[in-house]
Amino acid sequence: MSVTRALGAAMRRIQMGNALSAFGIGFTVPYLYVYVAQVRDLGASTAGVVLAVFAVAALVVLPFTGRVIDRRGPLPVLVGGAVSAAVGALCMGFASSVAMVLLSAALLGAGTAVVQPALATMIVWCSTPATRTRAFAMQFFLANLGLGIGGLIGGQLVDESRPDSFLLLFGIEAVMFLVLAGIGASVRLPHSAVIPGAVPQGDSGSEGGLRALLGHRAMVRLCGLGFVLFFACYGQFESGLAAYGTEAAGIEPSTLGIALAANTAVIVIAQFVVLRLVERRRRSRVIALVGLIWTVAWIVAGYAGLGHGSQTMATAAFISTYALFGLGEAMLSPTVAPLVADLAPESMVGQYNSAFALVKQLALAVGPAVGGPMGASLHAPYILTFVVFSLGISVLALRLGRQLTAVQDRPLPARSRVVASSVPVKDLAPAE
């Protein structure tokens with residue numbers, strides 16, 4: 001089998017495992033709070049602590065994950081993380097005490113956290129700079145499709161009066177993680193360097209470590225940009241924006257589900273249309289455009305809660321906010337994750353992916369803590385704050401572009417009608 005065919009076969013298995021694990025997660029994520037607080041009757045405060053434990057567990061394990069990936073490869077980490085998540089999910093289905101719920105959440109959160117950089121590293125190993133953009137776009141598309149379908153099916157199976165229905169949901173999630181572990185164990189990653197940059201060579205990852213990463217100015221700027229991205233979007237979905245919608249805009253709780261469905265629908269429908277439009281453009285400018293789109297989204301949200309239109313208009317505006325966020329997410333998936341991979345030295349791909357995953361988890365932990373109280377009571381300052389953050393995304397993205405080489409910022413050249421031409425020297429210099 002040729003190297004190209006081996007890469008393609010491995011990539012298909014990786015993407016299938018990614019989709020099935022997202023499908024399993026979709027069964028439980030929308031109902032975890034209700035399960036802990038009401039079905040197990042452990043109270044709202046315990047449910048809140050459980051959500052915090054997910055973030056804390058991720059923050060504990062991620063600093064060590066990257067080095068293990070670079071030393072031992074992503075497969076052992078993927079399998080170990082998937083098995084841990086499966087055990088955590090199954091234990092959660094049987095948990096009836098606070099201690100058991102928290103232990104289950106820690107196992108599930110830690111396992112899920114390490115799976116992500118392992119999958120990202122496997123995608124990097126099985127792709128080239130020319131194919132990486134589409135590979136990460138496909139990963140994001142399949143993950144959202146899996147989450148959406150899992151959530152819809154889970155909603156038909158769940159019954160608050162029957163705890164065994166939740167055991168079924170968590171059991172399905174556990175099985176899907178075990179399937180991911182099995183698929184991961186069966187993947188044969190190529191170890192040939194025929195395709196330059198496809199597979200890290202050597203074991204020098206232990207020499208660079210955190211010091212080398214912090215000394216990489218472009219990566220540090222990308223991490224700062226990533227924190228703002230996740231803080232201003234994902235960190236607000238189920239906390240600040242939901243609180244703002246119900247308190248300021250008078251949105252019914254059921255409408256929150258419709259808004260999230262609109263977000264997923266836009267991602268699924270628009271992903272590959274957007275990909276064709278952005279894959280040959282500078283990544284920094286695409287991210288800057290996302291900041292502008294999200295600025296409009298927050299202004300629309302401001303109208304929903306602070307405007308004086310009808311309730312129907314407020315509801316439509318609120319759902320449109322989530323849809324606009326989805327459009328921005330579809331533009332980010334083929335830009336940010338591949339950029340992390342292209343910035344990483346070959347021996348530190350795992351550490352770079354884990355560092356960026358750690359930044360994401362920090363943003364997801366801080367976002368609800370800041371946005372929740374503001375969205376519930378400080379309505380105008382809340383909207384203004386995140387309009388500023390969204391504009392900040394555009395500024396940070398353009399500044400990041402100055403630190404990138406032309407190939408890092410735009411790995412695929414722009415389409416041209418010129419049949420043949422020489423490569424200008426300026427294209428080898430950092431992009432302006």
(Q) Is it the case that the ring center of F318 lies less than 6.0 angstrom away from the ring center of Y322? (A) yes
Q: List the steps and the verdict of side chain to side chain donor-acceptor pair (under 3.5 Å) for Y244 and Q236.
A: CA-CA 10 Å; Y244 170 84; Q236 304 306 313; over 6 Å; no
Q) After noting the C-alpha distance and the side-chain angles of T28 and E173, does the key distance pass the side chain to side chain donor-acceptor pair (under 3.5 Å) rule? A) CA-CA 7 Å; T28 62; E173 181 180 27; 3.0 Å; yes
Q. Do L275 and F136 have side chains that get closer than 4.5 Å, going by heavy atoms?
A. no
Q.
Under the criterion side chain to side chain donor-acceptor pair (under 3.5 Å), I'd like the reasoning laid out for T335 against R283: C-alpha separation, chi angles, the key distance, then a yes or no.
A. CA-CA 6 Å; T335 52; R283 289 165 169 169; over 6 Å; no
**Q.** Aromatic centroids of F386 and Y382 separated by under 6.0 Å
**A.** yes
**Q.** Side-chain (S21) to main-chain (N18) donor-acceptor, under 3.5 angstrom
**A.** yes
Q: First locate atom CG of L332, then atom CG of L327, and finally report the distance between them rounded to the nearest 0.5 Å.
A: 10.0 Å
Q.
Show, in sequence, the C-alpha distance, side-chain angles and deciding distance for Q351 and D70, and conclude whether the side chain to side chain donor-acceptor pair (under 3.5 Å) test is met.
A. CA-CA 7 Å; Q351 292 177 70; D70 290 329; 3.1 Å; yes
Q | Polar side-chain atom of Q139 near backbone of R134 as donor-acceptor pair, under 3.5 Å | A | no
Q.
Donor-acceptor check, side chain of Y352 to backbone of M219, threshold 3.5 angstrom: yes or no?
A. no
Q) Nearest 0.5 Å, what's the OG1-CG distance between T112 and L107? A) 10.0 Å
Q. So F27 and F23, would you call those rings parallel, tilted or perpendicular, with 30° and 60° as cut-offs?
A. perpendicular
